[in-house]
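Computed from heavy atoms alone, side chains included, the values below leave out hydrogens, waters and symmetry copies. All chains are named by letter (A, B, ...) in the order of the sequence lines, taking the proteins before the strands, and each is independently numbered beginning at 1.
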Protein chains: 2
Amino acid sequence: MPGPWRLRHDEIVLSQKTRYAIRAMQHLADNYGQGPIQLAQIAEAQNIPAKFLTTILSELSRFGIVDSQRGKDGGYRLAVSPIDITYGDLIRLMRGSLALVPCASRFAHEKCKNCLEEGDCRTRALMLEVRDRTAELLDGVRLSDHIDLVPAQADSEG
Amino acid sequence: MPGPWRLRHDEIVLSQKTRYAIRAMQHLADNYGQGPIQLAQIAEAQNIPAKFLTTILSELSRFGIVDSQRGKDGGYRLAVSPIDITYGDLIRLMRGSLALVPCASRFAHEKCKNCLEEGDCRTRALMLEVRDRTAELLDGVRLSDHIDLVPAQADSEG
DNA sequence: GTATTCTCAACTTAAAAAGTTGACAATAAG
DNA sequence: CTTATTGTCAACTTTTTAAGTTGAGAATAC
């Protein structure tokens with residue numbers, strides 16, 4: 001890997017919506033076992049536009065991973081213990097797949113547009129490998145887990 | 001991970017452009033050491049819209065990873081041996097980072113929009129881990145490597 | 001029955017990705 | 001030195017996706 005080739009910054013992988021969903025779920029996990037938590041409270045604590053959170057929580061509720069209750073003192077709670085929800089689950093739920101390319105999705109597998117025949121695509125095997133490693137990691141951490149923060153400094157590249 | 005929660009399919013990670021770039025580079029790698037390869041030939045062989053490939057190859061050329069030559073019998077060739085170019089290099093070049101979220105990029109690190117303070121973000125450590133594992137894999141495979149295709153069937157999920 | 005809280009489809013806005021155009025620059029061959 | 005060939009590049013159009021809002025409605029509690 002020679003050369004100081006210039007870097008760009010775009011093509012973010014986890015959308016805002018997915019990230020909001022993760023934070024909302026973390027919030028619910030933190031309050032698991034207590035009464036329903038109101039949307040407004042989550043929005044405020046997690047810095048998420050309330051109206052948008054509406055969409056996200058309804059969706060999670062339709063998925064059945066969150067229970068909702070209307071009316072006074074209503075709100076949301078996890079429908080499942082936080083120990084039974086992995087980050088992999090959440091990401092698959094919100095974005096359909098952990099794969100970097102369509103053809104490397106184990107579940108939602110489909111042909112990549114404008115690609116070669118799959119038998120001739122040399123990138124696919126690598127992307128499947130990446131997907132599997134990613135899944136392994138993301139499915140190994142649960143909403144109930146405490147996650148240690150590492151200092152994270154720019155020593156390695158990328 | 002209980003429940004048959006419905007899956008979606010969107011938010012693809014490697015853009016068309018990045019995938020085209022990878023295939024174009026593979027093509028050049030296959031013809032490394034031979035004369036310059038013309039854009040039209042690459043476009044045809046790799047099923048890439050020729051005019052769009054123009055943009056991509058010019059870019060790669062500006063990055064210095066590809067050499068170009070104009071005029072009759074001109075074309076493109078790798079400026080660097082395929083053994084010295086990893087898939088990680090290519091992806092970083094085209095999309096700036098291997099990270100799933102902005103705050104987990106080692107190089108192009110920046111704060112995620114509308115997130116909590118980094119010290120309070122519990123997702124970050126996990127995403128850094130994912131980034132590192134991905135980088136490890138992608139930097140371990142070179143354009144010169146033959147990649148074995150595995151049958152890849154939907155046994156595990158996601 | 002009224003205040004509260006979630007529901008949801010439809011809509012708007014904004015941004016990014018994908019791809020095209022066309023004038024121009026370099027090179028080779030005659 | 002002229003012509004055909006091939007890459008360069010900024011500007012543009014089109015399409016798609018993400019992000020967020022609106023507003024009417026449904027369930028619940030008091």
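- Atom-to-atom, NZ of B:Lys113 to C1' of C:dA14 comes out at 10 Å; the value is rounded to the nearest Å.
- Put simply, CZ on A:Arg95 is 13 Å from C1' on D:dA18, counting in whole angstrom units.
- At a threshold of 4.5 Å between side-chain heavy atoms, the hydrophobic network of Ile, Leu, Val, Met, Phe, Trp and Tyr places B:Met25 and A:Leu116 in two separate groups.
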Let's go through A:Ser58 and A:Ser61 carefully: what are the C-alpha distance in whole Å and the side-chain angles of both, what is the deciding distance for side-chain hydrogen bond (donor to acceptor under 3.5 Å, both in side chains) to 0.1 Å, and is it a yes or a no?
CA-CA 5 Å; A:Ser58 299; A:Ser61 171; over 6 Å; no
Using residues 33-53 of chain B as the side-chain source, report each donor-acceptor pair under 3.5 Å to any protein atom, sequence neighbours left out, with the distance given to one decimal.
{"residue": "B:Gln41", "atom": "OE1", "partner": "B:His27", "partner atom": "NE2", "Å": "3.4"}
{"residue": "B:Gln46", "atom": "NE2", "partner": "B:His27", "partner atom": "ND1", "Å": "3.0"}
{"residue": "B:Asn47", "atom": "ND2", "partner": "A:Cys115", "partner atom": "O", "Å": "3.3"}

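- To the nearest angstrom, C1' of D:dG7 lies 14 Å from CG of B:Leu28.
- Note on B:Thr54: a base of the nucleic acid sits closer than 4.0 angstrom, heavy atoms only.
- Of the candidate nucleotides C:dA18, D:dA19, D:dC9, D:dC9 has the atom lying nearest to any side-chain atom of B:Ser58.
- Residue B:Lys51 places a side-chain atom within donor-acceptor reach of the base of C:dG22, judged by atom type and a 3.5 Å distance cut-off alone.
- Of the listed residues (B:Gln26, B:Arg19, B:Arg23), just one forms a side chain to side chain donor-acceptor pair (under 3.5 Å) with A:Thr123, and that residue is B:Gln26.
- Residues from residues 38-47 of chain B that place a heavy atom under 4.0 Å from any atom of DNA chain C: there are none.
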A correct 5'-to-3' footprint of nucleotides 24-30 of chain C, with B, S and - meaning base, sugar-phosphate only and no protein heavy atom under 4.0 Å, is -BBBS--
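- Every residue meeting the side-chain contact (heavy atoms from CB on, under 4.5 Å) condition with B:Asp67, not counting sequence neighbours, appears here in chain and number order: B:Arg77, B:Ala79.
- Residues meeting the side-chain contact (heavy atoms from CB on, under 4.5 Å) test with B:Lys111, sequence neighbours left out: B:Glu117, B:Glu118.
- Residue B:Ile37 contributes atom CD1, which lies 13 Å from atom P of D:dT6 at whole-angstrom precision.
- Checking C:dG19, C:dT7, D:dT8 against the side-chain heavy atoms of B:Tyr20 singles out C:dG19 as nearest.
- The side chain of B:Ser61 places an N or O atom within less than 4.0 Å of a non-bridging phosphate oxygen (OP1 or OP2) of D:dT8.
- One interatomic measurement links the two molecules: CD of A:Gln16 to C1' of D:dT17, which rounds to 14 Å at whole-angstrom precision.
- A salt bridge (charged side-chain N to carboxylate O under 4.0 Å, His left out) check over residues 25-36 of chain B, counting only residues at least two apart or in different chains, returns the pairs A:Arg122-B:Asp30.
- B:Tyr76 is linked by a ring pair (Phe, Tyr, Trp, His ring centres under 6.0 Å) to nothing, counting only residues two or more places apart in sequence or in another chain.
- Contact annotation: B:Ser15 does not reach the phosphate of C:dA16 (side-chain N/O to OP1 or OP2, under 4.0 Å).
- Taking each heavy atom of B:Asp84 and B:Arg142 in turn, the nearest pair found is CA-NH1, 4.0 Å.
- Under the rule for a side chain to side chain donor-acceptor pair (under 3.5 Å), the partners of B:Gln16 that lie at least two apart in sequence or sit in another chain are B:Tyr20.
- Taking atom CG on B:Leu14 and atom P on C:dA18, their separation rounds to 11 Å, with Å as the unit.
- For A:Lys17 and D:dT21, the NZ to C1' distance is 14 Å, given to the nearest whole Å.
- Summarising the geometry, the separation between CD1 on A:Ile56 and P on D:dG20 is reported as 8 Å, rounded to the nearest angstrom.
- Checking C:dT7, D:dT21, C:dC8 against the side-chain heavy atoms of A:Pro49 singles out D:dT21 as nearest.
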